[in-house]
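Below: the structure, in structure tokens.
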Amino acid sequence: MRQPIPVTIVTGFLGSGKTTLLRSLIEKRQSRRLALLINEFGEISIDGALVRGEAGADDQVRVHDFPYGLIAYGDDELFLPTMRAIAARRANVDHVLIETSGLALPTAIMEMLQGPELAEDFILDATLAVVDTPLLLSDQFENGSGSDAAATVFGQQLEFADVVVLNKIDDLDDDALLLAETRVRERAPKVRFLELAHKAQLDIRLALGLRLHQPTRTEHTHSYTPLATMPGPGAGVLAEQGRLNGHAHSGLAAHSHGLATHKHFHEQDPGWLSFVLRSDAPQSADKVRHALQEAVRLEPVLRSKGFIRTSETGQAVLVQGVRSRVMISVDAVRPAARRSELVIIGYHASRTRVAAVLSELTGTSWR
């Protein structure tokens, strides 16, 4: 009997650092031959471009883009054909990594993997949820914080994770990390492991080859098995590991709800909007940063990302914004973009108002 190809799902809310973590895993992959599916809610692929930049000309890493939508949801016509094509070249694939959009739930992919079309060729290895720890600690994911829709999606992503990766932690002390652990455990008490990603780096042994799921299709049996010891110095989880023992997965029934309970979550909330704003004029990085921060103040914008063209460098300039936290950096490998393009994601955000703010504060036309 042929062995199924292991699949790791990387989920996490908008701007949590999923793509950066994936890029570090590619760098550390050693001899693993990887297939990566990169899902983005926006109509242009920013994250896919970044992952391709990390993979370079390496033919042992293949990247498949899934822009403008939610991967494996009802209207996704690409997921099954792409997975079948990967299965057809199984001799050249050791592991599949799937990065979901920040607004998608991993259960849609989990359901597909257990279905008759894919169950014989693939097995879920683990689901990793990447968390923007400072954002978690700032109460931005609490109901009543002004974005209940974000809090709902965030909580649902954690609920079905096997491993939670606390990211963006380099400026946090032990007390803050313990508080973050407590908040995760309150939302998702069945999470198997909590791991720390210093400088967005994670030991690849804590991400791939975990084998946390049993082969299954539609059987939903609840089973308990001992936890495996995770290798590597300094690879321990956070405090009180004993609380993590005893919960094993066989399909999804090990969670308190089955997949059927969550099928209604696979319908996109129409309040979540994504649009692309473009400008042909050279930009000032500082003015773009200030304009995006002002746009967040005026409109419910939760994520911004893209490349801008500046007169200051001949290289591409990457923009990564999570709410009012905007980072702009020069990409040493990628040449300058012909025009500036920014993907804006928000809840009932107004394209017209965001474009007007960018145009006014940068002194250039954005549309």
Side-chain angles (χ1 to χ4, degrees), residues 9-25 38-42 46-47 50 99-106 127-143 145-188 191 193-202 206-207 237-238 272 274 289 292-293 296 300-306 318-329 343-347 349:
I9 303 171
V10 180
T11 190
F13 197 68
L14 299 165
S16 61
K18 299 183 295 296
T19 302
T20 304
L21 196 70
L22 274 183
R23 293 169 70 186
S24 75
L25 293 178
I38 309 297
N39 176 217
E40 299 184 61
F41 192 63
I46 303 299
D47 297 339
L50 294 174
E99 178 191 346
T100 71
S101 156
L103 298 176
L105 302 184
T127 298
L128 277 61
V130 183
V131 172
D132 183 330
T133 312
L135 206 60
L136 172 67
L137 294 175
S138 69
D139 299 328
Q140 295 296 311
F141 293 122
E142 300 296 324
N143 285 314
S145 64
S147 183
D148 287 354
T152 298
V153 174
F154 175 74
Q156 291 166 2
Q157 290 172 337
L158 290 186
E159 181 180 354
F160 284 97
D162 300 302
V163 180
V164 168
V165 180
L166 296 179
N167 199 21
K168 305 183 182 181
I169 60 172
D170 301 286
D171 295 326
L172 301 180
D173 59 20
D174 289 344
D175 289 341
L177 293 176
L178 287 172
L179 177 58
E181 177 190 11
T182 299
R183 292 192 174 185
V184 168
R185 302 301 305 174
E186 288 172 349
R187 287 171 171 79
V191 164
F193 302 102
L194 284 93
E195 302 295 347
L196 305 179
H198 292 280
K199 301 186 185 301
Q201 301 284 317
L202 187 66
L206 305 179
V237 298
L238 292 177
W272 290 109
S274 169
R289 180 186 294 106
L292 288 173
Q293 291 170 337
V296 169
V301 172
L302 302 183
R303 184 78 167 103
S304 56
K305 58 183 176 180
L318 174 65
V319 177
Q320 293 276 21
V322 180
R323 306 197 188 206
S324 61
R325 195 171 65 220
V326 181
M327 297 180 62
I328 300 182
S329 58
V343 178
I344 307 295
I345 303 174
Y347 197 69

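Quick note: numbers below take in every heavy atom, side chains included, and nothing from hydrogens, waters or symmetry partners. The chain is numbered in sequence order, starting from 1.
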(request) Could you point out which residue of Lys168, Arg323, Gln140 forms a side-chain hydrogen bond (donor to acceptor under 3.5 Å, both in side chains) with Asp132? (result) Lys168
(request) Go through Ile345 and Leu103 one step at a time and tell me if the side-chain contact (heavy atoms from CB on, under 4.5 Å) criterion holds. (result) CA-CA 10 Å; Ile345 303 174; Leu103 298 176; 4.1 Å; yes
(message) I'd like to know if the side chain of Asn167 and the backbone of Ser16 have a donor-acceptor N/O pair within less than 3.5 Å.
(response) yes
(message) For the backbone of Leu158 and the side chain of Arg187, can you confirm whether one donor and one acceptor N or O come within less than 3.5 Å of each other?
(response) no
(request) State the CG-CG distance between Leu25 and Leu206, to the nearest 0.5 angstrom. (result) 10.0 Å
(message) To the closest 0.5 Å, what do you measure between OG1 (Thr100) and CD1 (Ile38)?
(response) 10.0 Å
(request) For side-chain contact (heavy atoms from CB on, under 4.5 Å), just list the numbers for Leu136 and Val184, CA-CA rounded to whole Å, side-chain angles, deciding distance to a tenth of an Å, and then say yes or no. (result) CA-CA 9 Å; Leu136 172 67; Val184 168; 4.0 Å; yes
(message) Please verify the inter-ring angle class for Phe154 with Phe141; under 30° counts as parallel, over 60° as perpendicular, anything in between as tilted.
(response) parallel
(request) Over all heavy atoms of both residues, which pair between Val153 and Gly102 is shortest? Give the atoms and the distance, please. (result) CG1-O, 4.0 Å
(message) Would the distance check show the side chain of Arg303 and the main-chain N or O of Gly321 forming a donor-acceptor pair, the cut-off being under 3.5 Å?
(response) yes
(message) Using a 3.5 Å distance criterion without hydrogens, assess whether the side chain of Asp170 forms a donor-acceptor pair with backbone atoms of His198.
(response) no
(request) Considering non-hydrogen atoms only, spot the tightest contact between Asn39 and Ala104 and give its length. (result) OD1-CB, 4.3 Å
(message) Looking at every heavy atom in both Ala200 and Ser24, which two are closest together, and how far apart are they?
(response) O-OG, 3.5 Å
(message) Quick one: does any side-chain atom of Gln157 pair with a main-chain N or O of Val130 as donor and acceptor, under 3.5 Å?
(response) no
(request) Using the side-chain contact (heavy atoms from CB on, under 4.5 Å) rule, take Phe160 and Leu105 through it: C-alpha gap first, then chi angles, then the decisive distance, then the call. (result) CA-CA 8 Å; Phe160 284 97; Leu105 302 184; over 6 Å; no
(request) Enter the distance from Leu194:CG to Thr182:OG1 here, rounded to the nearest 0.5 Å. (result) 10.0 Å
(message) Could you tell me if Arg325 and Gln293 have a donor-acceptor pair between their side chains, going purely by distance under 3.5 Å?
(response) no
(request) Using modelled atom types only, decide if a donor and an acceptor are shared between the side chain of Glu195 and the backbone of Val163 within a distance under 3.5 Å. (result) no
(message) If you apply the rule side-chain contact (heavy atoms from CB on, under 4.5 Å), what do you find for Val326 with Val296, and how did you get there?
(response) CA-CA 10 Å; Val326 181; Val296 169; over 6 Å; no
(message) Can you confirm whether more than 12 heavy atoms, excluding those of Asp173, are under 6.0 Å from its CG atom?
(response) yes
